[in-house]
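Structure first, then comments.
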Amino acid sequence: MKFVLEVDLEAGRMTGDTAAELGRILRYWGGNLHHYALRPGDGSGLYDSGYAEVGSWRVTGRPREERPAEASG
């Protein structure tokens, strides 16, 4: 599985103090991930401090328990 987070640095308030705005987004979503099961298909939009959508996060792939066993040498 992969956790993918994408932020458009040219969208919304990201064009001002980019580092501060990106830090706020990462702190907010980092603190809220416990509300999700973090299974493939989970995800959400990411919003700047002006509530404009500037990206998204998502979980992709298959859960570890559903992957085929790796072939041994």
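Here the structure is a predicted model, which is why all the values come from computation and not from measurement.
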Who are the side chain to side chain contact (heavy atoms under 4.5 Å, CB included) partners of Ala20, not counting sequence neighbours?
Asp17

Applying side chain to side chain contact (heavy atoms under 4.5 Å, CB included), name anything that partners Arg39, two or more places apart in sequence or on another chain.
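Listed in chain order: Ala37, Asp42.
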
ILVMFWY network linking Val4 to Val7, side-chain heavy atoms under 4.5 angstrom
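As far as the 4.5 Å side-chain criterion goes, Val7 and Val4 are not connected within one cluster.
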
Over all heavy atoms of both residues, which pair between [X] and [Y] is shortest? Give the atoms and the distance, please.
X	Y	answer
Gly43	Tyr36	O-CE2, 4.4 Å
Arg62	Met1	O-CG, 3.1 Å
Ala11	Val54	O-CG1, 3.8 Å

Please table the atom pairs, donor to acceptor, closer than 3.5 Å between any side-chain atom in residues 21-34 and protein atoms at least two apart or in another chain.
| unit_1 | atom_1 | unit_2 | atom_2 | d |
| --- | --- | --- | --- | --- |
| Glu21 | OE1 | Ser49 | OG | 3.1 |
| Glu21 | OE2 | Arg24 | NE | 3.3 |
| Glu21 | OE2 | Arg24 | NH2 | 3.4 |
| Glu21 | OE2 | Ser49 | N | 2.5 |
| Glu21 | OE2 | Ser49 | OG | 3.2 |
| Arg24 | NH2 | Tyr47 | O | 2.7 |
| Arg24 | NH2 | Asp48 | O | 3.3 |
| Arg27 | NH1 | Gly23 | O | 3.2 |
| Asn32 | ND2 | Tyr28 | O | 3.0 |
| His34 | ND1 | Gly31 | O | 2.9 |

